[in-house]
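All remarks here apply to the structure that follows.
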Amino acid sequence: MSVTPPRNAMTVDVEDWFQVQNYAGAIGRDSWEGRERRVEANTDRVLELLAAAGVTGTFFTLGWVAERHPALVRRIVAEGHELASHGHGHEQVFAIGPERFRQDLIRARGVLEDAAGVPVHGYRAPTFSLSPSRTAWAYGILAETGHLYSSSVFPGRHMGTGEAEPSPWHPCGGTVLEVPMTVLRAGGRALPVSGGGWFRMTPQAVFTAALRRVNRLGRRGVFYFHPWEIDPQQPRAPGMSWLQRRKHHTGLGSMAERLAGLLDGCQSFAWGRMDEVFAAEIGTAPLAALSKTT
Ligand SMILES: [Zn+2]
């Protein structure tokens with residue numbers, strides 16, 4: 001008898017190649033406007049990849065990108081994906097403080113909703129820079145600005161949660177659900193099973209075995225990648241260290257193929273949007289908060 005595996009969330013952080021934190025020292029924010037923009041073409045390729053596999057997911061999109069490519073935002077929604085926010089200017093939460101964080105969220109959500117004509121409920125902090133201990137204030141601001149969930153925490157002591165494998169929870173007893181990235185405890189170590197650079201640098205068989213293990217334990221995974229990761233032809237930024245280059249460029253040439261492999265029906269992983277995979281927890285949050293006050 002076969003057992004249906006839990007569904008994993010497929011997520012895409014929509015930003016351009018020059019906006020990654022790894023490049024922050026080499027590419028000034030004030031030069032973004034003059035850079036070659038590749039995000040629209042790369043995201044269209046992502047849409048094709050997902051459509052070919054019959055998978056829908058969640059696109060955490062920068063307001064900065066939506067301002068310049070509103071038609072792309074509409075295509076994301078038209079293809080059946082969930083539109084969510086990656087903030088506006090790709091600024092780390094702990095670096096900007098509560099007031100600038102509020103402004104960044106409001107601006108991004110406004111631009112995204114205006115472009116797409118659908119409500120935005122989800123948020124992912126740039127570089128997983130939201131920490132339940134260091135920036136706990138962020139959850140109240142997320143709620144205030146109309147967000148229902150966040151997927152912004154990388155588990156591990158350095159990111160503010162001591163637990164290696166936390167389940168989705170409501171930080172500070174508030175209404176916003178935090179869905180952390182997926183980590184698997186194995187052999188005394190915590191292995192990231194979430195995507196990004198780890199996915200590009202881990203042998204595919206090892207990654208899929210780890211994700212399968214997560215699902216066998218009854219847990220739902222959260223996978224993420226960026227459109228620039230399937231673009232080996234992107235410009236090289238001058239002034240990068242060897243390590244920065246390695247971090248950014250390793251595996252870009254085979255990323256599209258690896259993704260197709262992960263999405264392949266023969267792998268028997270089930271994928272969906274964040275608001276579908278975690279619907280039960282997201283849906284009950286406002287009710288739970290209401291019942292507390294009565
Ligand atoms: Zn990002």
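Both counts, for ligands and for their atoms, begin at 1 and track the order of listing. Residues: numbered from 1 along the sequence shown.
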Open item on the list: For Pro180 versus Pro155, what's the shortest heavy-atom pair and its separation?
Closed with: CB-CG, 4.0 Å
Open item on the list: Within 45 degrees of the ring normal and closer than 6.0 Å to the centroid, is that where the cationic atom of Arg200 sits relative to Trp198?
Closed with: no
TODO: With sequence neighbours excluded, tell me which residues meet side-chain contact (heavy atoms from CB on, under 4.5 Å) with Asn22.
DONE: Val20, Met240, Gln244, Lys247, His248
TODO: With 2.8 Å as the limit, jot down which protein N, O or S atoms are around the Zn ion (ligand 1).
DONE: Glu15 OE1, His86 NE2, His90 NE2
Task: Side-chain hydrophobic cluster, 4.5 Å single linkage: members besides Val120 - done: Val73, Val77, Leu83, Leu112, Val118
TODO: Considering only NZ, NE, NH1 and NH2 on the basic side and carboxylate oxygens on the acidic side, decide whether Arg45 and Glu48 come within less than 4.0 Å.
DONE: no
- [ ] Run through the side-chain heavy atoms of Ile, Leu, Val, Met, Phe, Trp and Tyr, join any pair under 4.5 Å, and report what else lands in Leu243's cluster.
- [x] Trp242
